[in-house]
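Everything below concerns the one structure shown next.
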Amino acid sequence: MSVTTERRTDIGPPHYEQFLHPIIKANYGKWKYHEGLKPGVFVHVAESGDSIYTVRAASPRLISTDFVRKLTALADKYSDGYLRFTSRNNVEFLLGNKDNIDPLIKELEEFTLVGGTGRSISNIVHTQGWVHCHSSATDASGLVKVVMDELAEYFTSMKLPHKLRLAVACCLNMCGAVHASDIAILGVHRTPPRIDHKNLPNLCEIPTTVASCPNNAVRPTSIEGRSTVKVDEDKCMYCGNCFTVCPAMPIADALNDGVSIWVGGKISNARTEPMFTKLAVPYIPNNPPRWPEVTDAVKNIVEVYAKNAKPYERMGEWINRIGWPKFFDLTGIEFTKYHLDDFRHAGTTYRRSLQNRY
Amino acid sequence: MSDDLKTPLLDELEKGPWPSFVKDLKQMASKKPMVKDLLRQLEKSYRDKRGYWKHGGLVGIMGYGGGVIGRYTALPDEFPGVSHFHTLRVNQPSGWFYTSKALNELMDIWDAHGSGLLNVHGSTGDLVFLGTVTDELEPTFRDLTAKDWDLGGSGSDLRTPSCCVGPARCENACYDTLALTYDLTHKYQDELHRPMFNYKYKIKMSGCPNDCTAAIARSDMGIIGIWKDDIQVDQAAFAEYVDSGMDIQGSVVDKCPTGCISVEGKEIKIDNSNCVKCMHCINTLPKALRVGKERGAAVTIGAKAPIVEGALFGSVMIPFMKMDNFEDMHDLIERIWEFWDEHGKNRERIGECVERIGLATFIEGIGLDPVPQMVKQPRDNPYIFYEEYYEEES
């Protein structure tokens with residue numbers, strides 16, 4: 001006789017209330033203010049007078065169960081077992097007892113960094129890269145590691161004009177939605193998929209492959225009486241969606257794939273409206289394992305911003321104040337034909353006034 | 001030893017102050033052959049400067065169409081350990097709050113059934129379990145649901161809703177983002193698990209215009225907290241900022257986008273009728289200023305990354321709605337889905353659909369009236385399709 005258990009489906013996530021620290025539960029919706037105590041640490045004070053202390057630390061986002069267990073062990077020791085994660089993949093410990101802050105930081109600093117609050121560079125939002133994605137033009141975890149190694153002092157301090165948000169996406173599908181970051185590193189394919197006409201008819205369904213192209217660049221055709229597809233190379237924008245459904249159309253091109261760098265986006269409404277990132281560096285070849293040309297380029301932009309922006313100016317606000325010609329001048333980045341948009345609404349980015357600085 | 005792990009390029013990523021994923025993965029590799037082959041393949045990618053993954057076919061949980069992403073290595077003979085390396089998206093709790101007990105239980109499940117590697121969290125918000133074989137999918141799901149966890153969305157469905165820390169730990173929260181996220185996720189389980197939309201539909205909830213979930217950039221539908229009445233002022237706390245020597249003029253007054261702040265002596269004055277709720281003064285003087293009391297949310301529509309027609313920010317569809325109950329929100333969401341189902345094309349996000357058919361057609365279709373808050377400015381071209389005109393009376 002077998003025991004049948006009911007198969008549970010569509011139960012949704014557990015209720016969040018059971019994961020809230022008692023101080024949070026008691027003061028839910030009744031917080032009065034918060035303030036930063038030092039990099040990576042802040043206190044939230046409730047109308048009741050209660051305080052909850054937060055200690056924020058870096059996580060590489062791609063982590064192991066062992067790494068999580070290290071965090072939970074520290075939560076058990078210092079924060080009554082309560083912790084959360086931020087939208088930028090940092091971990092936050094929620095402490096009722098202020099005296100636990102420094103011992104917790106000491107243990108965290110054995111394997112990670114504490115910081116990412118206030119006028120700092122917080123953790124880099126990013127994607128899967130070569131670790132797990134079929135359409136990536138570069139690695140994401142590796143780029144994050146080498147860029148943050150270079151910029152770690154800005155994570156653990158609060159010495160920038162304002163917060164600086166970095167993002168990495170390993171192709172222009174942008175699972176990391178890097179299009180509104182202060183600095184974005186974006187993987188780029190630069191050549192259309194190659195077509196393996198010999199295997200395509202066996203591996204791929206033609207209508208699905210044709211339908212997968214967002215730009216109608218993939219069309220059905222026949223070669224020597226066998227059905228296959230062709231790519232209109234003028235229309236292809238290297239997104240890799242066809243490769244997603246048809247493995248006989250590889251998009252990766254070791255010689256030509258690489259990264260581009262974008263600047264000046266923001267999401268918050270503070271002072272100025274949200275802004276898209278704009279192109280700074282059109283292309284840098286992949287140079288793993290440490291991408292020195294990319295880290296140099298990013299560090300240069302950060303340092304020029306840090307030196308020239310006024311307090312409370314985000315990257316995009318600073319550039320808007322000084323003008324793009326001066327941005328290219330100060331950073332020494334070359335302005336090329338690739339900086340001139342040629343897609344939809346391109347004209348809205350052309351200067352239609354004589355208000356230039358000379 | 002023949003199964004030695006030699007990764008000279010990846011080893012370079014063990015150096016430096018930022019926590020190293022390579023160090024972490026190598027420890028896991030000593031327990032999991034799958035991770036060993038993952039690292040070998042990654043080393044090859046670092047050497048050859050290209051990825052070696054294929055996108056998945058039809059793998060999933062019985063009865064679900066979303067929540068599992070199939071993944072296979074392109075080189076199964078060389079790296080058999082990752083011949084299957086599927087992803088499960090585990091629906092995170094609102095606000096990404098956990099207890100160590102709950103997280104440890106999740107880790108036990110993943111150690112038992114998968115690679116032991118995960119993303120905390122994925123871009124949409126899920127806890128992403130990276131890497132398992134087809135045969136382990138159903139057992140993983142069984143163990144997850146036994147502990148009250150479920151999967152999130154993938155493909156052309158409602159993607160896992162997510163929210164900021166909200167009223168749990170933020171004084172700026174203008175509505176209960178955690179409660180709404182929980183409510184919508186549970187109400188729309190069918191839409192979350194069974195892809196039947198034109199394309200993906202992401203909903204993100206931020207409690208104030210600081211927008212910590214990037215709702216205006218990353219969600220087809222952003223629900224962003226806002227208030228209508230006056231900023232609350234604690235003049236005594238403001239006087240303390242003045243006494244502290246802070247540069248109020250430079251840091252606050254001059255930064256106000258509408259110039260609606262002035263200071264007389266140690267007193268701050270705000271022309272609230274001219275305030276655009278940008279949050280700068282509140283962010284800068286958190287002890288003295290607070291969001292108003294008449295709170296609710298603005299709803300934006302259509303944000304997305306570049307594919308296909310270019311990146312879009314969300315645009316304001318509803319400048320303010322009360323959030324005392326969520327029924328009006330359900331009603332709005334369902335009207336949008338119904339309209340999108342009828343007028344959208346395959347693989348066309350709602351933002352692109354609105355661009356194609358025009359905002360006027362869209363709002364009329366979902367039963368909203370045009371209001372000037374929806375635009376930066378009225379149209380500047382005269383190509384108006386008038387729908388009403390006079391006819392000679394016969």
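Because the structure is predicted, anything quoted here is derived from the model rather than measured. Here is how names work: the chains are called A, B, and so on, in the same order as the sequence lines, proteins then strands, and each is numbered from 1.
With a 4.5 Å cut-off on non-hydrogen atoms, B/Ile216 touches chain A through its side chain but not through its backbone. With a 4.5 angstrom heavy-atom cutoff, A/Thr138 does not touch chain B via any of its atoms. A/Ala58 touches chain B through backbone and side chain together, each having a heavy atom under 4.5 Å away. In this structure, chain B has a heavy atom under 4.5 Å from the side chain of A/Asn241, while its backbone stays farther away. Only the side chain of A/Pro247 comes within less than 4.5 Å of a heavy atom of chain B; its backbone N, CA, C and O stay farther away. Heavy atoms of A/Phe93 lying under 4.5 Å from chain B are absent altogether. Neither the backbone nor the side chain of A/Glu317 comes within less than 4.5 Å of any heavy atom in chain B. With a 4.5 Å cut-off on non-hydrogen atoms, B/Lys31 touches chain A through its side chain but not through its backbone. Looking at A/His126, only its backbone comes within 4.5 Å of chain B, counting heavy atoms on both sides. Of the two parts of B/Val165, the backbone and the side chain both hold a non-hydrogen atom closer than 4.5 Å to a non-hydrogen atom of chain A. For A/Phe85, the parts lying under 4.5 angstrom from a heavy atom of chain B are both the backbone and the side chain. Of the atoms belonging to A/Val131, heavy atoms from both backbone and side chain fall under 4.5 Å from chain B. With a threshold of 4.5 angstrom between heavy atoms, A/Ala211 approaches chain B through N, CA, C or O but not through any side-chain atom. With a 4.5 Å cut-off on non-hydrogen atoms, B/Asp108 touches chain A through its backbone and its side chain both. The part of B/Gln92 that comes within reach of chain A is its backbone (N, CA, C, O), which places non-hydrogen atoms under 4.5 angstrom from that chain. Neither the backbone nor the side chain of A/Lys25 comes within contact range of chain B; no heavy atom of the residue lies under 4.5 Å from a heavy atom of that chain. In this structure, the portion of B/Glu355 lying under 4.5 Å from any heavy atom of chain A is its side chain and not its backbone. Heavy atoms closer than 4.5 Å to chain B are found nowhere in A/Glu17, neither backbone nor side chain. Within the 4.5 angstrom heavy-atom criterion, no atom of A/Ser79 approaches chain B. Using a 4.5 Å cut-off between heavy atoms, B/Leu178 contacts chain A through both its backbone and its side chain. Neither the backbone nor the side chain of B/Leu151 has a heavy atom closer than 4.5 Å to any heavy atom of chain A. B/Asn283 touches chain A through its side chain: at least one heavy atom from C-beta onward sits under 4.5 Å away, while N, CA, C and O do not.
From A/Asn256, atom CG reaches atom NZ of B/Lys49 across 11.5 Å, with rounding to the nearest 0.5 Å.
Looking at A/Glu150 and B/Lys15, no side-chain N of the basic residue comes within less than 4.0 Å of a carboxylate O on the acidic one, giving no salt bridge. Taking the charged nitrogens against the carboxylate oxygens, A/Arg8 and B/Asp148 do have a contact shorter than 4.0 Å, which makes a salt bridge. With respect to B/Glu14 and A/Lys145, no salt bridge is recorded, no charged nitrogen being found less than 4.0 Å from a carboxylate O. Using a 4.0 Å cut-off between charged side-chain N and carboxylate O, B/Asp111 and A/Arg69 make a salt bridge.
The choice from A/Trp130, A/Trp31, A/Tyr33, A/Phe276 that makes the most heavy-atom pairs within less than 4.5 Å of chain B is A/Trp130. For the options A/Ala46, A/Ala57, A/Gly142, A/Gly129, heavy-atom pairs under 4.5 Å to chain B are most numerous at A/Gly142. With chain A as partner, the option from B/Ala173, B/Ala214, B/Ala288, B/Cys208 having the largest number of non-hydrogen pairs under 4.5 angstrom is B/Ala214. Ranking A/Ser136, A/Ala75, A/Ser135, A/Ser141 against chain B, the residue ahead of the rest is A/Ser141, based on heavy-atom pairs under 4.5 Å. Taking B/Gly131, B/Gly16, B/Pro8, B/Gly207 one by one and counting their heavy-atom pairs under 4.5 Å with chain A, the maximum is reached by B/Gly16. Ranked by heavy-atom pairs shorter than 4.5 Å toward chain A, the options B/Pro286, B/Ser45, B/Pro93 are led by B/Ser45.
One side chain, A/Asp10 or B/His193, offers a donor N or O that lies under 3.5 Å from an acceptor on the other. Side-chain atoms of A/Ser268 and B/Asp211 form no donor-acceptor pair, as typed in the model, at a separation below 3.5 Å. The closest side-chain donor-acceptor pair between A/His179 and B/Arg218, if any, does not fall under 3.5 angstrom.
Counting heavy atoms from C-beta outward, A/Ile63 and B/Leu117 have side chains that stay 4.5 Å or more apart. The shortest distance between side-chain heavy atoms of A/Pro14 and B/Trp149 falls below 4.5 Å. Under the 4.5 Å side-chain criterion, counting only non-hydrogen atoms from C-beta, A/His44 is in contact with B/Arg169. Taking the side chain as every heavy atom from C-beta outward, A/Met174 and B/Pro306 approach each other to under 4.5 Å.
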Practice prompt. Check the pair A/Phe111 / B/Trp18 against ring-ring contact (aromatic ring centres under 6.0 Å, His included), numbers first and verdict last.
Written response: CA-CA 9 Å; A/Phe111 65 98; B/Trp18 192 253; over 10 Å; no
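Between B/Trp96 and A/Tyr82, the gap from one ring centroid to the other reaches at least 6.0 Å.
B/His280 and A/Tyr312 have perpendicular rings, their planes meeting at more than 60° on a 0 to 90° scale where under 30° would count as parallel.
For B/Asp247, the side chain to side chain contact (heavy atoms under 4.5 Å, CB included) criterion is met by B/Gln249, B/Ser251, not counting sequence neighbours.
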